[in-house]
Amino acid sequence: MPEDTIWFGSHITTIERTKNSQIKLELDDGTQILTKALIGCDGVRSMVAKWMGFSEPHYVGHCAYRGLGVYASGQPYEQKVHYIYGKGIRAGYVPLSSTKVYWFIAFNSHSPGPKITDPNLLKREALGLVQNWPKELVETIENTPAENFVRTPLVDRWLWPVVGPKSTLGGVALAGDAWHPMTPNLGQGACLALEDSILLARKLAKALDVGAPSQTENGQRVKVSSDYFEGSNISSQIEETLQGYATERWPRIFSLTIRANFVGALLQWDNELICSLRNNIIMPKVVQLDPLLEHTKYDCGLLNIN
């Protein structure tokens, strides 16, 4: 990518539509940017999504501690996901490498609670939730450096058709958590964001390539004049492309967001009898893994940008 294409530490403070239908962004350092297309990839609390009329993500009733245990001499666990279920709480851990083990604890909570920034307090609270649980889980948490602890309320946004805001708005669209935050119960949040980026990049590249006047020099393509990108025709092509992207992505995003929510609700049950049925009958004898993992076989294709 050209130099100065990526700006780090840039935070949007305002977004507005200009008289000539461009989008003007103002950053917290006073910088102003004019553009014909804006893709909001700014996370769960997206400023772009808010400007487009999307609601704040909905808190689903449980929070999660997550961390990365470090075993300098090598971790001892089998290469698989280890799950432990309780009443209104569950945990798991999985080796990521020969020395690092990812773990999580999801627990019911009526409210997200205050934001905790003290890493030592986070570690104490996480250990307090599982103090009588299997020693492997407790050991992994104890082996986690304080700075590797994260506590987050779990949220999602269901993109209901018709009643919700439009997925595109005059050259503005969303991708990743900015558009479709979801609970981590299927492990698909980051995967969907990557799928978004591939499909969006492929569609935009095709639209700009098809619409741009052909220019070659010695058999090689050369840069198109910037005058082309100032015309109204390119704006309509961009908007049409963004609408096509949103239409294609919506069915998969909507269904997985709801499925992740339902799986979380099932696994967070706190009734003793229902938990016993879940642990002894539903999970080991009724639930079949292959159908639950069908969504992981999705192929979003290649970029194919030359």
Side-chain angles (χ1 to χ4, degrees), residues 6-15 23 25-28 38-68 102-117 119 122 125-126 147-161 163-169 172-200 242 245-246 249-265 267-268 295:
I6 300 175
W7 298 357
F8 294 100
S10 301
H11 301 283
I12 298 174
T13 56
T14 59
I15 306 172
I23 303 120
L25 309 176
E26 183 165 336
L27 307 184
D28 57 359
L38 172 64
I39 313 301
C41 312
D42 47 340
V44 173
R45 307 297 175 186
S46 169
M47 170 72 78
V48 181
K50 183 178 181 180
W51 180 80
M52 292 177 69
F54 284 88
S55 62
E56 284 290 312
H58 170 69
Y59 174 60
V60 300
H62 37 274
C63 299
Y65 282 100
R66 287 172 272 201
L68 198 61
Y102 166 79
W103 61 268
F104 74 89
I105 303 170
F107 62 98
N108 291 354
S109 177
H110 293 300
S111 70
K115 184 176 181 179
I116 301 174
T117 57
L122 290 174
E125 289 194 352
E147 63 270 17
N148 285 356
F149 279 80
V150 176
R151 182 190 186 277
T152 51
L154 301 186
V155 300
D156 63 15
R157 179 191 290 131
W158 293 17
L159 300 173
W160 293 106
V163 297
K166 293 182 178 179
S167 298
T168 65
L169 186 64
V172 182
L174 300 167
D177 282 348
W179 187 19
H180 46 77
M182 63 190 301
T183 57
N185 300 299
L186 297 178
Q188 288 297 292
C191 298
L192 289 177
L194 291 171
E195 294 170 14
D196 289 347
S197 64
I198 291 174
L199 181 66
L200 185 56
L242 294 180
Y245 149 77
R249 292 297 292 154
W250 178 83
R252 176 167 168 80
I253 287 166
F254 185 61
S255 62
L256 285 179
T257 301
I258 293 177
R259 193 188 309 177
N261 184 289
F262 285 175
V263 168
L267 298 178
Q268 293 295 138
H295 59 271

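Residue numbers run from 1 in the order of the sequence given. Source: prediction; values computed, not measured.
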Evaluation steps, side-chain contact (heavy atoms from CB on, under 4.5 Å), between T152 and Y65:
CA-CA 7 Å; T152 51; Y65 282 100; over 6 Å; no
Trace of the side-chain contact (heavy atoms from CB on, under 4.5 Å) decision for T13 with L27
CA-CA 5 Å; T13 56; L27 307 184; 5.9 Å; no
Begin from the C-alpha positions of Q188 and M182 and carry the test side-chain contact (heavy atoms from CB on, under 4.5 Å) through to its verdict.
CA-CA 8 Å; Q188 288 297 292; M182 63 190 301; 4.3 Å; yes
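Looking at H58 and V155, their side chains never come closer than 4.5 Å, going by heavy atoms from C-beta outward. Side chains of F54 and L174 form a contact here, defined as non-hydrogen atoms less than 4.5 Å apart. Side-chain contact between W51 and I12 is absent, with no heavy atoms from C-beta onward closer than 4.5 Å. With a 4.5 Å cut-off on side-chain heavy atoms, D156 and V60 count as touching. Side-chain contact check for R66 versus R151: every heavy-atom pair is 4.5 Å or farther apart.
Of the N and O atoms on the side chains of H11 and D42, not one donor lies less than 3.5 Å from an acceptor on the other residue. Judged by distance alone, the side chains of R157 and T257 never bring a donor and an acceptor atom under 3.5 Å apart.
Counting all heavy atoms, side chain and backbone alike, A246 lies closest to S167 at CB-CB, 3.5 Å. Across V44 and P181, no two heavy atoms sit closer than the pair CG2-CB, 4.3 Å. Between C63 and S109 the shortest heavy-atom distance is SG-CB, 4.2 Å. Of all the heavy atoms in S255 and P251, the pair that sits closest is OG-O, 3.0 Å. Smallest separation of non-hydrogen atoms from A49 and A178: CB-O, 3.4 Å. Nearest heavy atoms, A64 versus L154: CB-CD2, 3.9 Å.
Between the CG atom in L242 and the CG atom in L38 there is a gap of 9.5 Å [rounded to 0.5 Å]. We find the CE-OG1 distance between M52 and T168 to be 6.5 Å, quoted to the nearest 0.5 Å. Considering CG of L256 and CD1 of I258, their distance stands at 10.0 Å, rounded to 0.5 Å. Here the CH2-CD1 distance, from W179 to I253, works out to 4.0 Å after rounding to the nearest 0.5 Å. Rounded to the nearest 0.5 angstrom, S55 OG and K50 NZ are separated by 12.0 Å. With values rounded to the nearest 0.5 angstrom, S197 atom OG is found 11.5 Å from I39 atom CD1.
Scored by the ring pair (Phe, Tyr, Trp, His ring centres under 6.0 Å) test, Y59 finds no partners at all (sequence neighbours excluded). Checked against side chain to side chain donor-acceptor pair (under 3.5 Å), E56 has the following partners two or more places apart in sequence or in another chain: R45. Considering only residues two or more places apart in sequence or on other chains, F104 meets the ring pair (Phe, Tyr, Trp, His ring centres under 6.0 Å) condition with none of them. By the ring pair (Phe, Tyr, Trp, His ring centres under 6.0 Å) test, W160 is found to be paired with W158, F254, residues two or more places apart in sequence or in another chain being considered. For I198, the side chain to side chain contact (heavy atoms under 4.5 Å, CB included) partners are R202, C300, L303, not counting sequence neighbours. Considering only residues two or more places apart in sequence or on other chains, T14 meets the side chain to side chain contact (heavy atoms under 4.5 Å, CB included) condition with E26.
Under a 3.5 Å cut-off, the side chain of N148 and the backbone N or O of L68 do form a donor-acceptor pair. Under a 3.5 Å cut-off, the side chain of D196 and the backbone N or O of A175 do not form any donor-acceptor pair. No donor-acceptor distance shorter than 3.5 angstrom exists from the side chain of R249 to the backbone of E195, with no hydrogens or angles considered.
The six-membered or imidazole ring of W250 lies away from that of Y245, with a centre-to-centre distance of 6.0 Å or more.
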